[in-house]
Amino acid sequence: MLPGSIQITGEALSGAEIRDICESLKENSVRLLSVRGCQLSDRDFGRVCRGVSESRSLAQLNLNLGVVSSGSRAKQLADALEANRSIQTLFLHGSPLLDAGLVTLNTALSTHPSLVSLDLGDCMLGDEAVQLICGMLPPDGAKSGLRELTLSANPAITTKGWARLAIAVAHSSQLRVLNLDYNPLGDQIAGMLAVAVASSRTLEVLDLEGTGLTNQSAQVFLDMVENYPTCLRVLVLAENAISPELQQQISDLLSEGEDDDDKEAEARGSFVAPREKPTWLPHSSSNSQMVLMTSGLGESFLAETEM
């Protein structure tokens, strides 16, 4: 039987539900486990983590919206990830990790053999955490690293932290999708990111929605896509003080580049499918619901959209 999925949202999990989850993990009958926004005791969280550590089928784990609510839970999750070898995608969006929590998780995340997609949006992270995350974006010739990274809504990160991330992105040998929406970046940091995008040989999607940008930033990105070769296919600039005309110009140029790539792929006998870009909204919305879709990264990675 093919592995299935367990998806529960915003509930207080009963002992019977925890038992079923743990048994399914140990029987390798679960590929996707989502308990986003659920309430469970520390003891039950530990039981789930032990199940995760033993599972060989689990590919996506969603603990969004406060499930990892303490340092002790971060340690339990780290222990589970160190034993697990199958997880490809991990969602921790809206977890109060702080830098200390990421320090606890760092070794497990950076050495995991299969992890390629990580959501640390709204996790109250700062510059210390960013320094650790940069280690998950190794340069060419090093170990494999993340292909998709979400750092939405982490306003404690300073210019120094974003500059460090921009350097790592420029030299990453793997990263394809970077979501930085709802951070107070401003034009200066956007300029750093434009240089990183121009240098990157892999980055295809950059989300800068609601990041305090103006036409100044848009003009820099326009000059980049107009005059220099880039892998970038999608640049999200919504909810910024940027004219619709500039946004459309950038979008048109990126679309032209994507059309050229598709033609080349067809000439080689392969086809590059258009990417479905997830929209990341603040987790405080009380009417959130989950939609699962393929993100276009490799084989059937699942991305969550909160709508």
Side-chain angles (χ1 to χ4, degrees), residues 1-95 97 101 104-120 136 144 146-148 150 278 288-306:
M1 185 176 70
L2 292 175
S5 65
I6 298 175
Q7 301 178 63
I8 309 171
T9 300
E11 296 183 12
L13 298 181
S14 66
E17 287 173 317
I18 294 294
R19 189 162 50 251
D20 289 344
I21 289 171
C22 293
E23 289 178 359
S24 297
L25 288 168
K26 292 176 182 178
E27 293 169 359
N28 298 307
S29 60
V30 179
R31 180 170 172 82
L32 184 159
L33 172 61
S34 174
V35 291
R36 59 192 297 275
C38 289
Q39 298 88 49
L40 62 166
S41 69
D42 289 342
R43 177 175 175 272
D44 285 343
F45 182 82
R47 291 171 63 192
V48 171
C49 284
R50 286 192 293 275
V52 168
S53 70
E54 297 176 19
S55 175
R56 298 188 304 276
S57 64
L58 188 64
Q60 175 173 309
L61 178 60
N62 187 327
L63 301 175
N64 278 357
L65 306 187
V67 177
V68 186
S69 57
S70 65
S72 62
R73 290 195 179 190
K75 178 64 168 65
Q76 289 176 306
L77 177 59
D79 291 343
L81 291 172
E82 286 180 0
N84 177 277
R85 291 291 180 268
S86 62
I87 292 176
Q88 300 171 12
T89 301
L90 177 62
F91 291 103
L92 296 173
H93 201 113
S95 303
L97 293 178
T104 299
L105 288 164
N106 178 55
T107 299
L109 294 174
S110 59
T111 60
H112 196 286
S114 301
L115 186 67
V116 291
S117 179
L118 179 62
D119 184 351
L120 294 171
M136 303 174 202
S144 62
L146 295 176
R147 298 185 191 179
E148 184 165 357
T150 295
S288 63
Q289 66 182 125
M290 184 167 65
V291 178
L292 295 172
M293 60 178 69
T294 57
S295 69
L297 287 182
E299 58 169 283
S300 301
F301 295 131
L302 296 172
E304 177 190 78
T305 302
E306 294 177 23

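In this structure a side-chain-to-backbone donor-acceptor pair under 3.5 Å is missing from His112 to Gln88. Asn64 places no side-chain N or O within donor-acceptor distance of the main-chain N or O of Arg36, the cut-off being under 3.5 Å. The closest donor-acceptor contact from the side chain of Asp20 to the backbone of Glu23 lies at 3.5 Å or more, if one exists at all. Within the 3.5 Å criterion, the main-chain N or O of Leu97 finds no donor-acceptor partner in the side chain of Ser95. Checked by atom type and distance alone, the side chain of Arg73 pairs as donor or acceptor with a backbone atom of Val67 at under 3.5 Å.
Ala78 and Ala108 get closest at one heavy-atom pair: O-CB, 3.4 Å. Here the shortest heavy-atom pairing between Ser29 and Ser57 reads N-OG, 3.8 Å.
Within 6.0 Å of the CZ atom in Arg85, the count of heavy atoms belonging to other residues, nucleotides or ligands exceeds 12.
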Stepwise side chain to side chain contact (heavy atoms under 4.5 Å, CB included) check, Glu11 with Glu17: CA-CA 11 Å; Glu11 296 183 12; Glu17 287 173 317; 3.8 Å; yes

Working for side-chain hydrogen bond (donor to acceptor under 3.5 Å, both in side chains), residues Ser117 and Asp119: CA-CA 7 Å; Ser117 179; Asp119 184 351; over 6 Å; no

Asp79 vs Lys75, side chain to side chain contact (heavy atoms under 4.5 Å, CB included): CA-CA, chis, key distance, verdict: CA-CA 6 Å; Asp79 291 343; Lys75 178 64 168 65; 2.9 Å; yes

Intermediate values then yes/no, side chain to side chain contact (heavy atoms under 4.5 Å, CB included), Thr150 and Leu118: CA-CA 6 Å; Thr150 295; Leu118 179 62; over 6 Å; no

Check against side chain to side chain contact (heavy atoms under 4.5 Å, CB included), Leu92 and Leu90: CA-CA 7 Å; Leu92 296 173; Leu90 177 62; 4.0 Å; yes

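Proximity of Asn62 to Val35: side-chain heavy atoms (C-beta onward) are nowhere separated by under 4.5 Å. No side-chain heavy atom of Phe45 sits under 4.5 Å from any side-chain heavy atom of Ile18. At least one side-chain heavy atom of Ile6 sits under 4.5 Å from a side-chain heavy atom of Ser24. The closest side-chain heavy-atom distance from Cys38 to Leu13 is below 4.5 Å. Side-chain contact between Asn106 and Thr104 is absent, with no heavy-atom pair separated by less than 4.5 Å. For the pair Ile21 and Leu33, the minimum side-chain heavy-atom distance is below 4.5 Å. Side-chain contact between Leu61 and Leu77 is present, with heavy atoms from C-beta onward closer than 4.5 Å. For the pair Leu25/Leu58, a side-chain contact is recorded, criterion being any heavy-atom separation below 4.5 Å from C-beta on.
To the nearest 0.5 angstrom, Thr89 atom OG1 is 9.0 Å from Leu32 atom CG.
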